[in-house]
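In the text below, chain A, chain B and the rest are named by the order of the sequence lines, each starting its count at 1.
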Amino acid sequence: MARYGKQICGYAATILLVAGAIAAHARTGPDGLQDHSAAISSSELGLVDVQQSDLLQKQAMDNWISYNGDYTGRRFSSLNQITPANVSHLAAKWIFHTQNPGVLEVTPVVVNGVMFITGSNDAYALDAETGRLLWHHERGISNGLVDDASGHINRGVAVLGARVYMETDNAHLLCLDARSGNLIWDRAYATDNKNYGATSAPLIVKNLVLVGTSGGDDGVRGFLAAFDAQTGNEVWRFWTIPAPGEFGSESWPGDMYKHGCAATWMLGTYDPEMNTLYWGTGNPCPDFDGRVRPGDDLYTSSLLALNPDTGKLKWYFQFSPHNMYDYDAVQTPVLVDAKFKGAPRKLVVTANRNGFLYILDRTNGKYLYSKQFIQSLNWAKGIDKNGRPISNNLVPDETGVTVCPSYGGGTNWYSPSYDPETNTFYFRSLDACTLFRAKTQPFEEGETYYATGARRPPGNLPSTGYINAFDLSTLDFTWRDRQIGERHASAGVMSTAGGLIAFGNDAEEFEVDDARTGKPLWAFNLGQAVHASPMSYGIGGKQYFAVAAGDNVIAFALP
Amino acid sequence: MKNNWFMRAAFPVFGLPVLCLLLFATMPASAQVDDQGAAIFSRNCAVCHGGDGKGSDRGPAIATEPSVIAMSDADLLSVLHNGAAGGMPAFPQFNNQQAQTVVKYLRQLQGVTGAGPYGSQPVGDAGVGKAIFFGKGGCSQCHMINGQGGFLAPDLTSYGRSRDAAAILQAIVNPDTKLQPAWRGAEVQTRSGEKISGVVRTEDNLQIVLQSQDGRYHFFDRSNLAAVNYVNHSLMPVDYATRLNTKELDDLVAYLVVIGRNATPEPPPTHRQRLGHD
């Protein structure tokens, strides 16, 4: 007994004596595959300690550092190992099953070979090479929520230093230890209306964690809030619906401003050189009944440009004034530095739920260009020279009015992508229509605030999904690929330096196409719906794609 | 701080051989996992209460809910026999021995040893205990409480919520009596002779992932390793019974109990596996 003990102790002591000795990555050797310009030296593998310089990286290489991969929101991977020539060999590497019966909408974040994902209020850290679980932060779902929050949707994490940040279904911001999943702090940030929830991934800018809320069809007052990443103290809050007396308040009689929505339910983008944050807002509330909110309903269905240090508004651009068709403007505002009509410009490009693609000057919010991408679009005649839609005055009433694009939008929160090499903007769209009805209703906590309904209109109207490639040089579509499949995926697009775009298709598959031609090259049957946007990362010289499907995350690489 | 504490905390160098002898000579027979209790629980209870008793959307967290922990064995036996309003089925088919086995297993899940009544006020001074936890005791080098401390050992924020003082004391002074697979240490040696040690975070027949004290994960193919040696021993220092006096230990226990009872009860995990995996 004693001898045995001594042996073990001696042994344990040796282990502890050498603790701290660090070895190089021992798992993946050079595998003879085509080289790609890996940014991460192997000495960093397995270490999660995200610095500002990592967040400011202009290229997404081995690390996919944030929800969109970088601050521009272009969801473009500079990895080029997987190409049109070899993509036919792409194969599934692993599946991570979350035990979570919900459908995941997460985009994984990968830091030095460690992947972070969320599903409902749970967070997971995985070995990104094998999909094996490193830790799991478990937290039960909240009861008594409404609408999207009651679906417990969660789109992922933000990482700074050795800390992981996520929102919960009931709008708490959690700070977790990236090395263990331990809870460091928990801030409830939207408590004065039960209809608040949160579904987005947070965005880190400098030492701030930025969060918005859901509840944008449920009569909340939208805001964007910034918390100190270290302490969790609130630093500023920008209300997206003006209070009485403030600019724009004429749309919000009485205490309507408390229920006007303009929710900030997707994360924005950030331009470090301009020190400007770009953040989209949702539709007004009540959704379909415009009578109770006269005027433009600022700052709903808008793009906001804010100073990230103070939360002060620099400018705004409203895509859909006085909207009555649920046309949120939370689709990623992608920051593009490119020539526009011959001159180099700082642009922000976004495909809007209202069926138009917009190009704005992101230094001042000036409207430059728009393009209709939904053929059946009938709510507006077009866009005037200032960027304001010329409305067709289709007003929902008790009988109903058919409006296109539909309630689900010409496009939606699922990611667009910009490929700087082809100067092309890729996005998914849906050509469909909805019969909107309206009836004046009071706001009630615990209930949605659509002020009546939306349904499929009678007749043989289109319902067609497309993946679109819009060339910013020619200002025209290079190609539009009509999607075939049983049901429309809420699945974003990404592009890569390998000349590919990747997305979940309408046949519940993960598909990779040639970015230049749109030609479908390869698809993998996931057997479950994709309601998420894909990403790409690298480990030890190997490029991976990962995408959430159903309640799983699945990774792909060349053999 | 960076490289030495781990070694120092775990094994004060000069005392090492003595301690080891002491430890292995006096270590009580390690608590056997009650296989029969576990089997009955996983077959009959886990479907609603979770494999670890921490609850699901079909049944409450009977392992951590203070009101259930506070129930006497007799009350628990009666609930088993008669069921309870609100969806708890009766299990009249259990004979006495089976029923007692389940209750005993539930007590294990609760971390209740029966050595002291749950809910009694701890004798120590929680404020002093906190200072020891983050200072002299070095506990926070491995453990976290309310977001402060280390990450190599379990977060102890809500640990004291459902445990009696005697069980907590045992965990501190006799860490080896209840080794937890989730916190197992290992040292691997690569073919080039390099040695890396840390806590095993995941492993299978082909791979092993260690986390070293700097928080970094090390990923290995077993085929690239010359040796994998597990530490059959808690990473927690084994000398607290001698390093801290009775008063200091009581203070630590009081701190863990008070912090635990003040911890916001986590909402029970809702999407749990149907069958326990422990």
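Judged purely by atom type and a 3.5 angstrom limit, B/R216 has no side-chain atom pairing as donor or acceptor with the backbone of A/V48.
The distance from atom CZ of B/R201 to atom CZ of A/R179, rounded to the nearest 0.5 Å, is 11.0 Å. In this structure, the separation between CG on A/L134 and OH on B/Y217 is 5.0 Å, given to the nearest 0.5 Å. Note that CG of B/D221 is 7.5 Å distant from CD of A/E129, once rounded to the nearest 0.5 Å. Annotation: the span from A/T130 atom OG1 to B/Q207 atom CD amounts to 5.5 Å, rounded to 0.5 Å.
Contacts between B/Q148 and chain A at a heavy-atom distance below 4.5 Å are absent for every atom of the residue. Heavy atoms of A/L133 lying under 4.5 Å from chain B belong exclusively to its backbone.
Ranked by heavy-atom pairs under 4.5 Å with chain B, the list A/N121, A/L183, A/L176 is led by A/L183.
No side-chain heavy atom of A/R132 sits under 4.5 Å from any side-chain heavy atom of B/V209.
The two residues B/M144 and A/D177 come nearest to each other via the heavy atoms CE-OD2, 3.6 Å. Here the closest heavy-atom approach between residue B/D214 and residue A/L47 is recorded as O-CD1, 4.2 Å. Closest non-hydrogen pair, A/G113 versus B/F219, comes out as O-CZ, 4.0 Å.
Atom NZ of A/K93 has more than 12 neighbouring heavy atoms from other residues, nucleotides or ligands inside a 6.0 Å radius.
Partner of A/N182 under the side-chain contact (heavy atoms from CB on, under 4.5 Å) criterion, out of B/T157, B/I145, B/D155: B/D155 alone.
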Walk me through it: do B/T202 and A/W135 pass the test side-chain contact (heavy atoms from CB on, under 4.5 Å)? CA-CA 9 Å; B/T202 183; A/W135 56 252; over 6 Å; no
